[in-house]
Amino acid sequence: MDPLRQSPSPCSSRPSSPKTPPCEMHGYVGIEDVLDQLKIKAMKMGFEFNIMVVGQSGLGKSTMVSTLFKSKVWKCTLPGLGMPIPQTLQLKSVTHVIEEKGVKLKLTVTDTPGFGDQINNDKCWDPILGYINEQYERYLQEEILITRQRHIPDTRVHCCVYFVPPTGHCLRPLDIELLQRLCRTVNVVPVIARADSLTLEEREAFRRRIQHNLRTHCIEVYPQKCFDEDINDRILNSKIRDRIPFAVVGSDQEYLVNGRCVLGRKTKWGIIEVENMAHCEFLLLRDLLIRSHLQDLKDITHNVHYENYRVCRLNESHVLPRGPCWVNLAPTPPGPPVAPGPSKVCRQAREDSDDDEDDY
């Protein structure tokens, strides 16, 4: 296992404090109003979520994102004429503000060109990994400023959805090479794209082969076992890990089925409903990314993946101070130590005292 993946969980790194006896209260204090304060503050600031989609061309990556958030994330060149979404030819990001029941979500979607479509796929993962590290570097440069913003814009990729082509066999060597690199840098959620092209038996067998490939090659996709904080998280995440990769179908077209409008794909033998668990597992993917694990994805990105990048960059730049609990850096150059000069406040006070003496 890669040493970077052995970083402790944000909550598991806290020192264990002895249990303190509960204090008996003789009246209402209002401590429970702290939750209301946090909710009001969060509602004012809104939330940010950055997602990246990676996979071959023609697997419906852009359509899947629009299906997740029930919004036209990718605009057509000729709106209103039913034109298909143009093919992604270069890495690009689109930002939208989505509001639901007063809650604002600033969504940034990064779409990548078809992965592995070239004849020569040597180092074809460099643009993807380069973009992820570039966002870490941008956040780090803003964070180490002496005078920095009160709220640093967060453009770091919180989740990468990897689309596996529905071949029915197993992961390709190219998929394994990319996943091994991605899982060290970002949260990866693999999905089986266009699952309607497989029967239920083929889909289940394909899922088991992929899970075997992930275990064989030590690829830890999200949610990782080492970050389960309590028994409830362990139970929930175990169920999710048993179903990953999710078999999904994406569509931004609505059809009338039994008197109700549903998102689906129309075929000669019927309509495949996107939000029907009997047809695909799109609901499981949406619940994971939005309803149950969105904040956890952001926390792991900040406390684990970004922290690993930050430590490596600071070690390279030799700016860590010497002292206990710090990483040993290169030896300091010989010469007498330079005493720190007086601060601006001290210099100003000294100048004022000199002016007073001159007045006398």
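Numbering starts at 1 and runs along the sequence shown. The basis for the numbers below is simple: all heavy atoms, side chains too, and nothing from hydrogens, waters or symmetry mates.
- With sequence neighbours left out, the ring-ring contact (aromatic ring centres under 6.0 Å, His included) criterion links His293 to Tyr222.
- Taking the side chain as every heavy atom from C-beta outward, Arg138 and Thr155 approach each other to under 4.5 Å.
- Using modelled atom types, one side-chain atom of Lys61 and one backbone atom of Gln56 make a donor-acceptor pair closer than 3.5 Å.
- Salt bridge present: Glu281 and Arg207 bring a charged side-chain N and a carboxylate O closer than 4.0 Å.
- In this structure, Val191 is not a member of the same hydrophobic cluster as Val249, with clusters built from ILVMFWY side-chain heavy atoms closer than 4.5 Å.
- Contact check for Tyr309 versus Asn133: side-chain heavy atoms found under the 4.5 Å cut-off.
- To the nearest 0.5 angstrom, Asn213 atom CG is 10.0 Å from Leu179 atom CG.
- Judged by distance alone, the side chains of Ser62 and Asp111 do bring a donor and an acceptor atom under 3.5 Å apart.
- Closest approach of Val186 to His305, counting heavy atoms only: C-NE2, 3.7 Å.
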Side-chain donor-acceptor contacts of residues 99-107 below 3.5 Å, not counting sequence neighbours, with atom names and distances?
none

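- Note: the hydrophobic cluster containing Leu174 also contains Val221 (ILVMFWY, side chain heavy atoms under 4.5 Å, direct or indirect links).
- Annotation for Ile271: hydrophobic cluster partners, listed by chain and number, are Tyr255, Val257, Val262 (ILVMFWY side-chain heavy atoms under 4.5 Å, direct or chained).
- Judged by distance alone, with hydrogens and angles left aside, the side-chain atoms of Asp33 form no donor-acceptor pair with the main-chain N or O of Asp36 at under 3.5 Å.
- A donor-acceptor pair under 3.5 Å is formed between the side chain of His279 and the backbone N or O of Glu273.
- Residue Leu297 holds its CG atom at 6.5 Å from CG of Leu288, rounded to the nearest 0.5 Å.
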Inset, instruction - Take Met52 and Tyr131 through the test side-chain contact (heavy atoms from CB on, under 4.5 Å) and record every step on the way to the result. - result: CA-CA 10 Å; Met52 172 184 278; Tyr131 177 84; 3.4 Å; yes
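- No donor-acceptor pair under 3.5 Å is formed between the side chain of Arg286 and the backbone N or O of Phe282.
- Contact check on Asp228 versus Arg241 returns a salt bridge, with a Lys/Arg side-chain nitrogen under 4.0 Å from an Asp/Glu carboxylate oxygen.
- Both cation-pi conditions hold for Arg156 and Tyr306: the charged atom is under 6.0 angstrom from the six-membered ring centre and inside a 45 degree cone around its axis.
- A single hydrophobic cluster is seen to contain both Val248 and Met277, as judged by linkage of ILVMFWY side chains at heavy-atom distances under 4.5 Å, directly or through other members.
- Between His158 and Phe49, the ring planes are parallel. Angles under 30° get that label, and only those over 60° would be called perpendicular.
- By the 4.5 Å side-chain criterion applied to Ile, Leu, Val, Met, Phe, Trp and Tyr, Leu145 is assigned to no cluster and stands alone.
- Arg208 has a carboxylate O that lies under 4.0 Å from a charged side-chain N of Asp242, or vice versa, which qualifies the two as a salt bridge.
- Atom OG1 of Thr185 is separated from atom CD1 of Ile132 by 6.0 Å, given to the nearest 0.5 angstrom.
- With salt bridges taken as basic N to acidic carboxylate O contacts below 4.0 Å, one links Arg181 and Glu177.
- A donor-acceptor pair is defined here as one N or O able to donate and one able to accept, closer than 3.5 Å; no such pair exists between the side chain of Arg265 and the backbone of Ile272.
- The stretch residues 172-219 participates, sequence neighbours left out, in no ring-ring contact (aromatic ring centres under 6.0 Å, His included) pair at all.
- Through direct or relayed side-chain contacts under 4.5 Å between Ile, Leu, Val, Met, Phe, Trp and Tyr, Leu38 connects to Val34.
- A distance of 5.0 Å separates SG in Cys160 from CG in Leu182, rounded to the nearest 0.5 Å.
- Taking both residues in full, the closest heavy atoms of Thr110 and Ser93 are given as OG1-OG, 2.9 Å, listed atom of the first, atom of the second, then distance.
- Side chains of Leu289 and Val161 form a contact here, defined as non-hydrogen atoms less than 4.5 Å apart.
- Considering only heavy atoms from C-beta on, Pro166 comes within 4.5 Å of Leu59 through its side chain.
- Nearest approach of Ile300 to Gln224, heavy atoms of both residues: CD1-OE1, 4.3 Å.
- For Thr63 (side chain) and Gly60 (main-chain N/O), no donor-acceptor pair under 3.5 Å exists by modelled atom type.
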Inset, instruction - Please report the C-alpha distance between Lys266 and Gln253 in whole Å, then the side-chain angles of each, then the deciding distance to 0.1 Å, and finally whether the side-chain contact (heavy atoms from CB on, under 4.5 Å) criterion is met. - result: CA-CA 9 Å; Lys266 188 175 181 179; Gln253 299 294 326; over 6 Å; no
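- Side chains of Arg194 and Asp196 form a contact here, defined as non-hydrogen atoms less than 4.5 Å apart.
- In terms of heavy atoms, Thr67 sits closest to Ser251 at OG1-O, 2.9 Å.
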Legend entry - Verdict with reasoning, Ile40 to Lys44, per side-chain contact (heavy atoms from CB on, under 4.5 Å): CA-CA 6 Å; Ile40 294 174; Lys44 289 181 179 178; 3.9 Å; yes
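- Remark: the backbone N or O of Asp287 is paired with a side-chain donor or acceptor of Ser292 at under 3.5 angstrom.
- Separating the SG atom in Cys312 from the CD atom in Glu307 is a distance of 10.5 Å, to the nearest 0.5 Å.
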Legend entry - Val157/Ile51 under side-chain contact (heavy atoms from CB on, under 4.5 Å): CA gap, chis, key distance, verdict: CA-CA 6 Å; Val157 179; Ile51 186 173; over 6 Å; no
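- Heavy-atom minimum distance, Phe115 versus Cys124: CE1-SG, 3.3 Å.
- When all heavy atoms of Lys298 and Glu48 are compared, the pair lying nearest together is NZ-O, 2.8 Å.
- Between atom SG of residue Cys218 and atom CD of residue Gln180 there is a gap of 8.0 Å, rounded to the nearest 0.5 Å.
- In this structure, Asn237 and Phe227 have side chains that are not in contact, with every pair of non-hydrogen atoms separated by 4.5 Å or more.
- Both Val164 and Leu284 are assigned to one and the same hydrophobic cluster, defined by single-linkage of ILVMFWY side chains at heavy-atom distances under 4.5 Å.
- Residues Asp175 and Arg172 meet the side-chain proximity criterion, which asks for heavy atoms closer than 4.5 Å.
- You'll find the side chain of Ile192 reaches within 4.5 Å of the side chain of Ile210, heavy atoms only.
- Cluster annotation: Val53 and Ile290 are assigned to the same hydrophobic cluster (Ile/Leu/Val/Met/Phe/Trp/Tyr, side-chain heavy-atom contacts under 4.5 Å, transitive).
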